[in-house]
Amino acid sequence: AEGEELAFAREADDGGKAIVMVFRNGATALDAPLPGVTAGVWVDALTKAQVPVDPLRTTFAGKPWSMMVLLPAGDSCIP
C-alpha cells in the first residue's frame with residue numbers, strides 16, 4: 001500500500017478469505033498486485049458492489065475516508 005491507501009488480504013485457518021481496503025484523505029484508487037488471492041468476483045460486504053479481482057494486478061476505486069471489506073462472491077457472510 002502507498003501513502004493514502006492501506007490493503008490487507010487474509011485467509012483464515014477455516015478457509016475464509018477477505019480483502020480489506022482503507023482509503024484515507026485524498027485517496028481515490030489503488031492499483032495493487034495481490035499474490036495468493038483467488039481471481040474472480042469479490043463482493044464488498046458494506047455496499048454489495050462487485051469487484052473483479054486479479055492476483056496479478058487489481059485496481060480498487062474508493063472515496064476519501066472510506067473502506068471496502070471484500071469477500072469472495074457466494075461467501076456465507078454476504079446476505
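Keep in mind it's a predicted model, so treat the numbers as computed, not measured. Quick note: numbers below take in every heavy atom, side chains included, and nothing from hydrogens, waters or symmetry partners. The chain is numbered in sequence order, starting from 1.
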Engineer: Within this structure, what is the CZ-CG distance for the pair R24 and L6, rounded to the nearest 0.5 Å?
Structural biologist: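 Going from the CZ atom of R24 to the CG atom of L6 covers 5.5 Å.
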
Engineer: For L56, what are the other residues in its hydrophobic cluster, where any two members join if their side-chain heavy atoms are less than 4.5 angstrom apart?
Structural biologist: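 Under the 4.5 Å side-chain rule, L56 groups with nothing.
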
Engineer: For residues 69-78, please give each side-chain donor-acceptor pair under 3.5 Å, one per line with the distance, not counting sequence neighbours.
Structural biologist:
residue: D75; atom: OD1; partner: C77; partner atom: N; Å: 2.8

Engineer: Can you list everything that forms a side-chain contact (heavy atoms from CB on, under 4.5 Å) with P33? Sequence neighbours excluded, please.
Structural biologist: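 Scan of P33 (side-chain contact (heavy atoms from CB on, under 4.5 Å), adjacent residues dropped) gives P35, R57.
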
Engineer: Using side-chain contact (heavy atoms from CB on, under 4.5 Å) as the criterion, list what pairs up with A32, not counting sequence neighbours.
Structural biologist: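 Residues passing side-chain contact (heavy atoms from CB on, under 4.5 Å) with A32: L30.
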
Engineer: Are V51 and V43 joined in one hydrophobic group, where the rule is that I, L, V, M, F, W and Y side chains link up if heavy atoms are under 4.5 Å apart?
Structural biologist: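 The answer is no; the residues belong to distinct hydrophobic clusters.
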
Engineer: How close do F23 and E5 get, heavy atom to heavy atom, and via which atoms?
Structural biologist: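 Closest heavy-atom pair between F23 and E5: CD2-CG, 4.0 Å.
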
Engineer: Listing request: all side chain to side chain donor-acceptor pair (under 3.5 Å) pairs with a residue in residues 36-49, at least two apart in sequence or in separate chains.
Structural biologist: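 Output for this query lists K17-T38, D44-T47.
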
Engineer: Report, as yes or no, whether the 6.0 Å neighbourhood of atom CG on D13 holds more than 12 heavy atoms from other residues, nucleotides or ligands.
Structural biologist: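 Not more than 12 within 6.0 Å, no.
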
